[in-house]
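This report concerns only the one structure given below.
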Amino acid sequence: LVGCGGGSSPTVPSPTPTPAPAPTPAPPLEDGVLRTAAFESANGYFTEGSAAIVREDGEHRLELMDDFRSSRSGALDVRLCRETACTDSDLNLGPIQAFRGAQTYPLPDDGSAYSYVVIWCRAVALPFGFGALE
């Protein structure tokens with residue numbers, strides 16, 4: 001039998017695998033403000049000012065700004081919540097440090113799972129104020 005090339009069939013070399021391109025490393029996340037919020041008063045209590053989630057040197061934090069003010073109570077927490085009414089599954093950052101002025105709370109991550117920063121009163125289980133994170 002004579003094939004397309006005549007006589008004996010030539011040995012076809014195996015193709016050399018093409019190396020996969022090296023993955024492009026993701027660009028480092030930039031430091032700076034990730035989201036901000038403007039507080040609104042709630043339930044007859046007073047809260048005003050602004051807050052920001054900030055990333056710096058790979059760490060995240062919530063900053064209540066210089067313009068922050070809130071009604072006083074012995075049982076206020078700062079929380080990141082999915083809704084304006086917080087639940088046990090939301091992130092409690094701890095007791096409020098001051099009723100006015102700048103303060104900082106460390107975060108375990110960028111807070112992207114939460115929609116609101118809330119000044120939450122443990123005693124009555126209500127927000128004194130909240131701000132939508134945008």
Side-chain angles (χ1 to χ4, degrees):
L1 286 177
V2 176
C4 293
S8 63
S9 38
T11 304
V12 178
S14 299
T16 305
T18 305
T24 305
L29 296 175
E30 291 190 28
D31 288 348
V33 174
L34 303 179
R35 296 193 294 163
T36 61
F39 281 102
E40 298 177 33
S41 297
N43 299 304
Y45 299 98
F46 173 77
T47 304
E48 70 176 9
S50 55
I53 293 179
V54 177
R55 180 184 191 282
E56 184 175 33
D57 297 329
E59 303 288 330
H60 295 90
R61 66 181 179 268
L62 174 71
E63 293 183 358
L64 303 185
M65 302 304 188
D66 288 337
D67 62 351
F68 174 77
R69 309 277 182 274
S70 180
S71 296
R72 293 179 178 265
S73 170
L76 291 185
D77 289 333
V78 177
R79 294 187 177 193
L80 292 184
C81 302
R82 290 170 184 83
E83 302 291 333
T84 58
C86 299
T87 67
D88 289 340
S89 67
D90 291 321
L91 183 60
N92 187 345
L93 302 175
I96 197 165
Q97 296 168 4
F99 299 107
R100 61 184 309 139
Q103 45 204 292
T104 301
Y105 300 85
L107 298 176
D109 56 33
D110 66 3
S112 61
Y114 304 99
S115 300
Y116 296 91
V117 56
V118 179
I119 306 305
W120 185 257
C121 182
R122 291 184 308 276
V124 294
L126 289 172
F128 271 30
F130 59 85
L133 288 161
E134 300 176 356

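Throughout, residue positions are numbered sequentially from 1 according to the sequence presented. These numbers were taken from a predicted model, which means no experiment stands behind them.
Between Leu91 and Tyr105 there is no side-chain heavy-atom pair separated by less than 4.5 Å. Counting heavy atoms from C-beta outward, Val78 and Ile119 have side chains that approach closer than 4.5 Å. Arg79 has its side chain out of reach of Pro127: every pair of non-hydrogen atoms, C-beta onward, lies at least 4.5 Å apart. In this structure, Glu48 and Asp67 have side chains that are not in contact, with every pair of non-hydrogen atoms separated by 4.5 Å or more. Two residues are said to be in side-chain contact when any heavy atoms from C-beta on lie closer than 4.5 Å; Leu80 and Leu107 meet this criterion. Counting only heavy atoms from C-beta outward, the side chains of Leu64 and Phe39 approach each other to under 4.5 Å. Taking the side chain as every heavy atom from C-beta outward, Leu133 and Ser115 never approach each other to under 4.5 Å.
Residues Phe99 and Phe46 fall into different hydrophobic clusters, defined by Ile, Leu, Val, Met, Phe, Trp and Tyr side chains chained together at heavy-atom separations under 4.5 Å. Leu62 and Leu76 fall within a single hydrophobic cluster, where Ile, Leu, Val, Met, Phe, Trp and Tyr side chains are chained together by heavy-atom contacts under 4.5 Å. Taking hydrophobic clusters as Ile, Leu, Val, Met, Phe, Trp and Tyr residues chained together by side-chain heavy-atom distances below 4.5 Å, Leu34 shares a cluster with Leu93. With hydrophobic clusters built from ILVMFWY side chains whose heavy atoms lie under 4.5 angstrom apart, Val117 shares a cluster with Tyr114.
The pair Asp77-Arg122 meets the salt-bridge criterion, with a side-chain N (NZ, NE, NH1 or NH2) lying under 4.0 Å from an Asp/Glu carboxylate O. Under a 4.0 Å N-O distance rule, the pair Arg61/Glu59 does not qualify as a salt bridge.
Atom CD1 of residue Ile96 and atom CH2 of residue Trp120 lie 14.5 Å apart, to the nearest 0.5 angstrom. How far CG of Asp110 is from CZ of Arg35: 7.5 Å, rounded to the nearest 0.5 Å. To the nearest 0.5 Å, atoms CG (Leu126) and OG1 (Thr84) are separated by 10.0 Å. With rounding to the nearest 0.5 Å, the separation of CZ in Arg55 from NE2 in His60 is 5.5 Å.
Looking at Gln97, its side chain does come within 3.5 Å of a backbone N or O of Thr104 through a donor-acceptor pair. Side-chain atoms of Ser41 come within 3.5 Å of backbone atoms of Thr47 as a donor-acceptor pair (strictly under, hydrogens ignored). In this structure, the side chain of Thr36 does not engage the main chain of Ala52 through any donor-acceptor pair within 3.5 Å.
Within 6.0 Å of CZ in Arg72 there are 12 or fewer heavy atoms belonging to other residues, nucleotides or ligands.
Residues satisfying the side-chain contact (heavy atoms from CB on, under 4.5 Å) criterion with Ala98, sequence neighbours excluded, are Gln103.
Ring orientation note: the planes of Phe130 and Tyr116 are nearly perpendicular, at an angle over 60° on the 30°/60° scale.
Shown here for Gly111 and Ile53, the closest heavy-atom pair between the two residues is CA-CD1, 4.4 Å. Shortest non-hydrogen contact noted between Asp90 and Ala85 is OD2-O, 4.3 Å. The minimum heavy-atom distance between Ala75 and Ala123, with the atom names listed, is CB-N, 3.9 Å.
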